[in-house]
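Model, not experiment: these values are computed from the prediction. Letters go in sequence order (proteins before strands), and every chain restarts at 1.
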Amino acid sequence: MSADGVDRARRAWARLSPGARAAAGVIAVFALASLLAPWLAPYRVGQQIDIVHLASLPPSWAHPFGTDRYSRDVFTRILYGGRVSLSIATLAVVVSATVGTLYGAVAGYAGGAVDTVMMRVIDALLSVPRVLMLIAVLALWSPVPVAALVLLIGLTGWFDIARLVRAQALALREREFVVAARALGAGPARIVRRHVLPNVLGPVIVAGALAVGNVIVLEAGLSFLGIGVHEPLASWGMMFQDATDQFVSAWWAVIFPGAAIVATVLAFNTLGDALRDVLDPRQLPGHAALEPPETAHG
Amino acid sequence: MAEPLLAIEDLRTYFYTAAGVARAVDGLSLAVAPGETVGVVGESGCGKSVSALSILRLVSPPGRIEPGSRILFEGRDLLALDERAMRAIRGRRIAMVFQEPMTALNPVFTVGDQVAEVARIHARASRAVAWKQAVAMLDRVGIPAPDERAREYPHQLSGGMRQRVMIAMALMMKPALLIADEPTTALDVTIQAQILELLAELQREYGMSVLLITHDLGVVAETASRVVVMYGGEAVEQAPVAALFAAPHHPYTRGLLAAMPRLGLLRERLQTIPGTVPAPTAWPDGCRFRDRCSSAWERCAAEHPPVYPIAPGHESRCHLAHEPARRDGPAAAGGRAVRA
């Protein structure tokens with residue numbers, strides 16, 4: 001099973017466009033750089049090197065991305081900020097994908113009244129804008145622990161994935177192989193585990209990749225509003241917010257974190273779109289059974 | 001007949017749709033003896049497949065099996081069982097083979113895994129034991145190099161091989177009854193013969209009963225010992241195979257036989273039965289076949305024909321049994337038209 005997964009991943013990689021491979025490369029570089037921040041960073045995190053003489057320096061060999069108004073090295077902060085931004089985004093999406101997939105699979109496979117009620121709950125939750133919901137909670141809960149922030153973002157972001165999975169599950173339920181599995185005595189739990197979940201994995205991975213980009217922007221936005229992560233932690237959004245008022249005098253403190261956000265989001269979106277094409281089962285020979293549902297929205 | 005293995009009594013499966021109540025199966029009765037092969041034939045839309053799904057209670061909403069229907073299997077009424085007990089029967093005592101083995105297999109698992117799964121469900125076998133049994137079963141259904149084939153995915157196998165895999169899954173637990181719903185329709189003719197032969201062979205070996213659902217009378221002639229002809233959601237004629245082919249009684253059966261291509265019989269064109277099966281939301285009153293029947297007279301509109309005995313083991317739902325003189329009917333001149 002796992003050797004097979006590797007094989008499938010390899011085949012998928014072979015089908016990716018050069019742009020998508022570049023995007024995957026960008027993500028890999030950012031992830032690695034963040035991971036290795038303690039070894040790569042030229043200075044200690046949060047270190048104010050010399051606030052009198054070395055504040056707001058333009059990029060130079062000593063400070064490739066310059067220093068901010070507190071004389072902190074922007075390059076160092078971007079490396080450490082990447083840890084925060086990327087891990088919050090990834091973990092939040094893992095939370096969203098897990099909750100959304102299970103919720104959607106249960107609703108879609110159960111069908112009928114259960115499905116109707118579960119979907120109306122989502123409609124109700126979706127009627128409150130996500131940002132508003134987060135602002136309301138975060139404004140009252142300050143400073144918020146990072147784990148709670150991850151959970152809050154994750155738990156407000158699973159609705160779309162749930163809908164997607166539900167639509168797939170609804171269609172899968174009518175597929176002949178599911179009927180065949182039932183005819184052989186498989187119960188509902190087994191069918192969801194064996195027949196529904198593996199067959200929705202592709203779309204969920206795609207949706208997840210796209211969602212990571214969204215969450216990075218969301219987290220940046222919250223931090224920009226001052227209600228996301230708090231000092232001494234730094235996220236890209238926070239750095240951006242910190243420095244905007246000196247944009248004219250010290251543009252590097254704004255541009256570099258901004259560029260990191262834009263590059264990462266672009267990379268995730270490009271990769272997500274490419275994965276959608278690659279994982280689209282209609283393009284795999286002999287996978288007719290996985291065609292997407294005609295009745296996607298109910 | 002000895003105590004039947006399966007006895008369907010007045011099965012009615014209705015679908016409650018926006019267009020009205022579709023009475024897909026409406027008063028079907030039939031029995032299958034232990035070890036016997038019964039062929040169920042009829043056109044598309046006559047209720048064959050819904051009947052098969054009803055036996056396993058796999059009809060999903062808006063379909064419903066109406067109260068008053070009975071499906072007796074090994075002495076128990078399946079319709080009275082709870083879902084748990086029913087699950088223990090599916091795949092273990094009654095198994096089913098589907099028409100299209102490509103779509104009936106899950107594309108993301110190897111075929112060995114899918115065959116083994118049946119043993120894991122019913123025998124709670126360990127992964128290793130189930131796998132070994134699956135490979136043995138694949139070998140038994142005539143898959144060459146089963147060890148390697150078991151590790152392949154459905155799309156890597158040919159249609160005939162996939163159908164063998166389906167049969168392996170169905171027979172894993174040695175069921176008492178195998179329902180085969182158009183098992184060869186999706187296959188090449190040469191492969192068809194092989195699959196039918198395999199089914200017959202396994203049936204003898206396991207002593208199981210087979211309910212073979214098909215629109216192909218040729219398939220029935222080759223494999224079944226008894227035939228049930230379905231029309232309009234009910235059985236219109238039942239007979240031993242030889243009797244049905246030699247002396248069909250119901251005009252619908254005669255129409256089906258006349259529409260069959262046969263070697264040695266020179267005909268310009270094959271005959272067809274005029275018209276199409278009426279929508280199951282609107283069976284005609286009286287005899288459901290009367291609109292397409294050249295012998296139909298007033299009685300056919302007024303009275304739903306009961307089951308008339310024709311000969312031992314041969315019965316027909318046609319008033320002609322009572323008034324045989326009307327066979328050639330008033331409409332004989334134009335009714336039994338040869339239309340292509």
Review point. Hey, are the side chains of A:Phe177 and B:Asn106 touching, using non-hydrogen atoms and a 4.5 Å cut-off?
Key: yes
Review point. What are the two closest heavy atoms between B:Phe109 and A:Pro198, and how far apart are they?
Key: CZ-CG, 3.9 Å
Review point. So do the side chains of B:Arg87 and A:Pro188 get within less than 4.5 Å of each other, counting heavy atoms only?
Key: yes
Review point. Taking A:Gly111, A:Gly112, A:Ala183 one by one, which has the highest count of heavy-atom pairs under 4.5 Å against chain B?
Key: A:Ala183
Review point. Side chain, backbone, both or neither: which part of B:Gln114 has a heavy atom under 4.5 Å from chain A?
Key: both
Practice item. Could you tell me which portion of A:Arg194 (side chain, backbone, both or neither) has an atom closer than 4.5 angstrom to a non-hydrogen atom of chain B? Key: both
Check your understanding: Nearest 0.5 Å, what's the CG-CZ distance between A:Leu184 and B:Arg90?
Key -> 10.5 Å
Check your understanding: In Å and rounded to the nearest 0.5 Å, what is the CE to CD distance from B:Met166 to A:Glu176?
Key -> 7.5 Å
Practice item. Can you tell which part of B:Ile94 gets under 4.5 Å to a heavy atom of chain A, answering side chain, backbone, both or neither? Key: backbone
Check your understanding: Is the number of heavy atoms from other residues, nucleotides or ligands within 6.0 Å of CZ (B:Arg127) greater than 12?
Key -> no
Exercise for review: Could you tell me which of B:Pro61, B:Gly91, B:Ala104 has the largest number of non-hydrogen atom pairs under 4.5 Å with chain A?
Suggested key: B:Ala104
Study note, to complete from the structure: Looking only at B:Gln156, B:Arg120, B:Glu117, B:Arg84, most heavy-atom pairs under 4.5 Å shared with chain A are made by B:Glu117
Check your understanding: Which distance, rounded to the nearest 0.5 Å, do you find between the CG of B:Leu53 and the CZ of A:Arg182?
Key -> 9.0 Å
**Study point:** Greater than 12 external heavy atoms within 6.0 Å of A:Glu174's CD
**Key:** yes
Practice item. Give, as side chain, backbone, both or neither, the part of B:Leu58 having an atom under 4.5 angstrom from any heavy atom of chain A. Key: both
Practice item. Quick one: closest heavy-atom pair of B:Ile121 and A:Gly185, and the distance? Key: CG2-O, 3.5 Å
**Study point:** B:Ser60 versus chain A, the contacting section by heavy-atom distance below 4.5 Å
**Key:** side chain
Study note, to complete from the structure: One option among B:Met96, B:Arg92, B:Glu100, B:Glu83 has the most heavy-atom pairs under 4.5 Å with chain A, and it is B:Glu100
